[in-house]
Amino acid sequence: MDENELREAFEYLNEVLMDYEKMIGNIGNNGLSASLIMNYRDELHDIMSELALEDINLKEQWKKIAILDTKLKGNAQKFVNEVGHANFKQYQIINNPSKDRWWWYMDKTTLPPAANKKPWEFWKR
């Protein structure tokens, strides 16, 4: 990459990182846009991989991503509930993400939604 391309890529990285941070901070209130968190995380992965080939110090960005990833993992149940278990399965089929992109598979580490009980099934848990 030439200097101009590097600058643009770095600016784009910081924009995506800000959007990811905003979405992570809003888990549970993102509504229909909740699944965008996975797309933002994909973008971060791709940009960081691309910039890692260049001689750029990305230590601060890696730290911030690690902190945000920890928050996402800590809110996994809330996030998966917001996106929907069935939607996760659809996204996995449609996008076919590699296993190293753990954020697409968070439904595998959370509890499935509780089955709706009928009032007369009070003894079921």
May I ask you to say whether Arg7 pairs ionically with Glu3, meaning some side-chain N is under 4.0 Å from a carboxylate O? no
If you count every heavy atom of other residues, nucleotides or ligands that lies below 6.0 Å from Asp55 atom CG, does the total exceed 12? no
With a distance cut-off below 6.0 Å to the six-membered ring centre and an angular limit of 45° from the axis, does Lys73 pair with Trp102 as a cation-pi contact? yes
Measure across Leu111 and Gln77 and return the closest heavy-atom pair with its distance rounded to 0.1 Å. N-OE1, 2.8 Å
Would Tyr12 end up clustered with Ile56 when hydrophobic side chains under 4.5 Å apart are linked, directly or stepwise? yes
Hydrophobic cluster membership, with links at side-chain heavy-atom distances under 4.5 Å among I/L/V/M/F/W/Y: are Phe10 and Trp62 in one? yes
Please round to the nearest 0.5 Å and tell me the distance separating atom CE of Met23 and atom CG of Asn29. 11.0 Å
Side-chain heavy atoms of Leu44 within contact of Gln61, under 4.5 Å: no
Do Leu68 and Leu36 sit in the same hydrophobic cluster, where Ile, Leu, Val, Met, Phe, Trp and Tyr count as joined when their side-chain heavy atoms come under 4.5 Å apart? yes
Partners of Asn87 by side chain to side chain donor-acceptor pair (under 3.5 Å), sequence neighbours excluded? none
Kindly indicate, with the supporting measurements, whether the criterion side-chain contact (heavy atoms from CB on, under 4.5 Å) is fulfilled by Leu72 and Met106. CA-CA 10 Å; Leu72 178 57; Met106 292 183 75; 3.8 Å; yes
Spell out, as yes or no, whether a donor-acceptor pair under 3.5 Å connects the side chain of Glu54 to the backbone of Leu6. no
I want to check something: taking the side chain as every heavy atom from C-beta on, are His45 and Ile65 in contact at a cut-off of under 4.5 Å? no
Take atom CD of Glu5 as the centre, draw a 6.0 Å sphere, and report whether it contains more than 12 heavy atoms from other residues, nucleotides or ligands. yes
Donor-acceptor check, side chain of Glu82 to backbone of Ala34, threshold 3.5 angstrom: yes or no? no
Counting only heavy atoms not in Lys71, do more than 12 sit closer than 6.0 Å to its NZ atom? no
Contacts under 3.5 angstrom, residues 90-97 side chains, donor-acceptor by atom type, not counting sequence neighbours:
residue	atom	partner	partner atom	Å
Tyr91	OH	Ser35	OG	3.3
Gln92	NE2	Trp104	O	2.7
Gln92	NE2	Asp107	OD1	2.7
Asn95	ND2	Tyr91	O	3.1

Spatial distance of atom CG (Asn75) from atom CD1 (Ile37) [nearest 0.5 Å]: 9.0 Å
In this structure, NZ of Lys64 is separated from CG of Asn14 (nearest 0.5 Å) by 8.0 Å
Once rounded to the nearest 0.5 Å, what's the spacing between atom OH of Tyr20 and atom CG of Asp42? 10.0 Å
Lys22 atom NZ: more than 12 heavy-atom contacts under 6.0 Å: no
Residues two or more places apart in sequence or in another chain: which of them pass salt bridge (Lys or Arg N to Asp or Glu O under 4.0 Å) with Lys99? none
Say whether Met18 and Ile27 are linked into one hydrophobic cluster, either directly or through other cluster members, by side-chain heavy-atom distances under 4.5 angstrom. no
What class does the angle between the rings of Phe79 and Phe88 fall in, given that below 30° is parallel, 30 to 60° is tilted and above 60° is perpendicular? perpendicular
Take Thr110 and Asn81 through the side-chain contact (heavy atoms from CB on, under 4.5 Å) test and state the conclusion after the steps. CA-CA 9 Å; Thr110 59; Asn81 289 346; 6.0 Å; no
Closest non-hydrogen atoms of Arg101 and Asp46, given as atom of the first, atom of the second and distance, are NH2-OD1, 2.6 Å
Considering only heavy atoms from C-beta outward, does the side chain of Ile24 approach that of Tyr40 to under 4.5 Å? no
What distance do Leu51 atom CG and Asn57 atom CG have between them, rounded to the nearest 0.5 Å? 11.5 Å
Nearest 0.5 Å, what's the CE-CD distance between Met48 and Glu43? 13.0 Å
